[in-house]
Structures are given as structure tokens and as C-alpha cells.
Amino acid sequence: KPFPIFLTSKVIEGFGRGGKQLGIPTANMTEDVVNSVLQSAPNGIYFGLAKTEFEKKVRPMVMSLGWNPYFKNEKLSGEVHIIHNYQSDFYGTQLKVVILGFIRPEADFVDIETLVAEIQRDIDFCLKAVDKEDYKKYFHDKLLSH
Ligand code: ADP
Ligand code: MG
């Protein structure tokens, strides 16, 4: 198993597909970081923990990793939804994440309601998983501190 996988990336602009409008903003990682994860993990939806550079707290996150349908599957993307309601954007800041497990392969495009419901299930799965003994310790991992 490749987990845990620790990553550090600058938060870059995505493609403006309106993650925010769906209530699910995703912090996009740089292409070099995405390429490095794909060396050891297949495309899909993952769960783990994230730490922004401006907070002390480590928070649960769900992440999608794969080819971006918006760009005719020619561009890779890695996007992290942190399970927390932020009051403002944090583009350009450094984000640290640890990927702890695989949830599912990427879904074929369905409708928006189904997509949102699926992501909500991923979030519930993540919150239950990171509460388990095997994963709890990562909340205090030195590699997530800035
Ligand atoms: P983009 O296409 O530029 O990635 P999004 O709609 O996905 O646009 O919004 C992503 C941005 O929203 C992130 O880069 C970050 O600055 C901000 N943001 C606010 N709350 C969150 C959150 N809970 N998780 C991830 N990013 C968030
Ligand atoms: Mg995004």
C-alpha cells in the first residue's frame, strides 16, 4: 500500500468550474505535485488530512486525482476539498496534505445533483475514517506542520 502519501503544493487557480457554487470548493495543486502522486496512486477519489499555512489546525479532506474532463482529459488535476467552511480564498498559499486511503474511482459524469450527493458521501466516509485509531495519529504528524 502506498499510504500515507505526504504532499506539499502551492494552491493554484483551477478551471473555474464552479466548485464554490456547488458548495464544494477545491484547492488545486500544481502539476508537478499531481504527477508525482500518480507515480504511486491511481486516478480516483481519496481521503486524508490537510493543513493550510495560516491555521494551526489539521483538517479532514477529500481529494480527486485524475484527468480533467473539462480539458478533454488532456490535463491532469489534483484537487483538495478541505472539510471546513472558510471565510475567504487562499490562492497562492502553501497546502500540506497526507493522503490516507482510496475511496472510489472517478465517477462518469452524471448530473449535478448526483455528483454533489456522491461527494457528500465521500465526505461522510472521510469523517468516519479519520476518526479511526489507525488514522488519528496523523492529526499530530510533524510532516503536516509548517
Ligand atoms: P478553482 O477552479 O480556482 O479551484 P474553486 O471553486 O474550486 O475554484 O475554489 C477553490 C478555492 O476556494 C481554493 O483555491 C481556496 O482558495 C478556496 N477555498 C475556500 N474554502 C475551501 C475549502 N473548504 N477547501 C478548498 N478550497 C477552499
Ligand atoms: Mg478547484
Side-chain angles (χ1 to χ4, degrees), residues 3-132 135-136 138-141 143-146:
F3 310 115
I5 301 172
F6 287 90
L7 306 170
T8 301
S9 178
K10 200 169 112 171
V11 176
I12 62 166
E13 296 265 352
F15 315 108
R17 283 172 308 165
K20 243 172 254 170
Q21 280 135 275
L22 298 178
I24 312 160
T26 57
N28 290 54
M29 299 187 296
T30 59
E31 206 168 331
D32 56 324
V33 173
V34 177
N35 280 319
S36 77
V37 200
L38 285 168
Q39 303 296 312
S40 50
N43 295 359
I45 312 300
Y46 292 84
F47 72 91
L49 302 175
K51 165 123 180 12
T52 61
E53 65 174 46
F54 54 88
E55 294 180 292
K56 272 224 168 94
K57 213 172 155 74
V58 171
R59 301 184 183 280
M61 67 83 186
V62 291
M63 175 179 162
S64 94
L65 188 64
W67 297 98
N68 199 299
Y70 189 82
F71 272 81
K72 297 185 178 134
N73 300 323
E74 280 164 11
K75 204 169 169 17
L76 282 171
S77 87
E79 311 187 13
V80 176
H81 173 66
I82 304 173
I83 306 176
H84 180 67
N85 246 324
Y86 290 99
Q87 295 308 308
S88 49
D89 289 345
F90 43 90
Y91 288 112
T93 64
Q94 196 189 62
L95 183 66
K96 295 203 170 192
V97 311
V98 56
I99 305 173
L100 297 174
F102 182 82
I103 303 181
R104 60 174 172 90
E106 286 175 297
D108 285 339
F109 184 78
V110 274
D111 52 68
I112 296 296
E113 289 75 19
T114 311
L115 179 65
V116 172
E118 230 158 26
I119 298 170
Q120 193 53 58
R121 278 212 305 277
D122 298 334
I123 290 172
D124 293 345
F125 180 94
C126 171
L127 291 174
K128 285 201 186 98
V130 298
D131 201 36
K132 295 204 169 114
Y135 298 128
K136 264 185 186 164
Y138 291 104
F139 278 97
H140 310 290
D141 201 291
L143 289 172
L144 285 181
S145 60
H146 274 93

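Fair warning: this is a prediction, and the values are worked out from it, not measured in the lab. Just so you know, these numbers use all the heavy atoms, side chains as well, and skip hydrogens, waters and symmetry mates. In each ligand, atom 1 is the first atom listed, and ligand 1 is the first ligand listed.
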Answer side chain, backbone, both or neither: which part of [X] comes under 4.0 Å from ligand 1, heavy atoms only.
X     : answer
His84 : backbone
Val11 : side chain
Val80 : backbone

Suppose I only count heavy atoms of [X] and a 4.0 Å limit; which atoms of ligand 1 are within that range?
X     : value
Tyr86 : 20 (N), 21 (C), 22 (C), 23 (N)
Gly14 : 1 (P), 2 (O), 3 (O), 4 (O)
Asp89 : 12 (O), 16 (O), 17 (C)
Tyr91 : 1 (P), 3 (O), 8 (O), 9 (O), 10 (C), 11 (C), 14 (O), 16 (O)
Asn28 : 4 (O)
Gly19 : 6 (O)

Short side-chain to backbone donor-acceptor contact, Thr30 and Ser9, under 3.5 Å: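 No, the answer is negative, given that no donor and acceptor are paired below the 3.5 Å cut-off.
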
Backbone of Gln94 reached by a side-chain donor or acceptor of Glu53 within 3.5 Å: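 Side chain of Glu53 to backbone of Gln94: a pair is present.
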
Could you tell me whether some N/O pair between [X] and ligand 1 is separated by less than 3.5 angstrom?
X     : answer
Phe90 : yes
Ile24 : no
Phe15 : yes
Ser88 : no

His81 side chain near Ile123 side chain, heavy-atom distance below 4.5 Å: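 Side-chain contact under 4.5 Å: yes.
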
Plane angle bin for Tyr138 and Tyr135 - parallel if under 30°, tilted between 30 and 60°, otherwise perpendicular: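 Tilted: the ring planes of Tyr135 and Tyr138 meet at 30° to 60°.
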
Ring geometry between Phe47 and Phe125 (parallel below 30°, tilted from 30 to 60°, perpendicular above 60°):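 Correct class here is perpendicular.
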
Side chain to side chain contact (heavy atoms under 4.5 Å, CB included) partner of Leu49, the single match among Val97, Asp141, Val98: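 Per the side chain to side chain contact (heavy atoms under 4.5 Å, CB included) rule, the option paired with Leu49 is Val98, out of Val97, Asp141, Val98.
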
Option passing side chain to side chain contact (heavy atoms under 4.5 Å, CB included) with Leu7 (candidates Val34, Ile99, Leu95, Leu143):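 Per the side chain to side chain contact (heavy atoms under 4.5 Å, CB included) rule, the option paired with Leu7 is Ile99, out of Val34, Ile99, Leu95, Leu143.
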
Angular separation of Asn28 OD1 and Thr26 OG1 about the Mg ion (ligand 2), given to 10°: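 About 100°, to the nearest ten degrees.
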
Test salt bridge (charged side-chain N to carboxylate O under 4.0 Å, His left out) applied to Glu55 and Lys51, Arg59, Lys57, the passing residue: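 When Lys51, Arg59, Lys57 are each tested with Glu55, the salt bridge (charged side-chain N to carboxylate O under 4.0 Å, His left out) holds only for Arg59.
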
Heavy-atom closest contact (Met61 atom, Cys126 atom, distance):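 For Met61 versus Cys126, the nearest heavy atoms are O-SG, 3.4 Å.
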
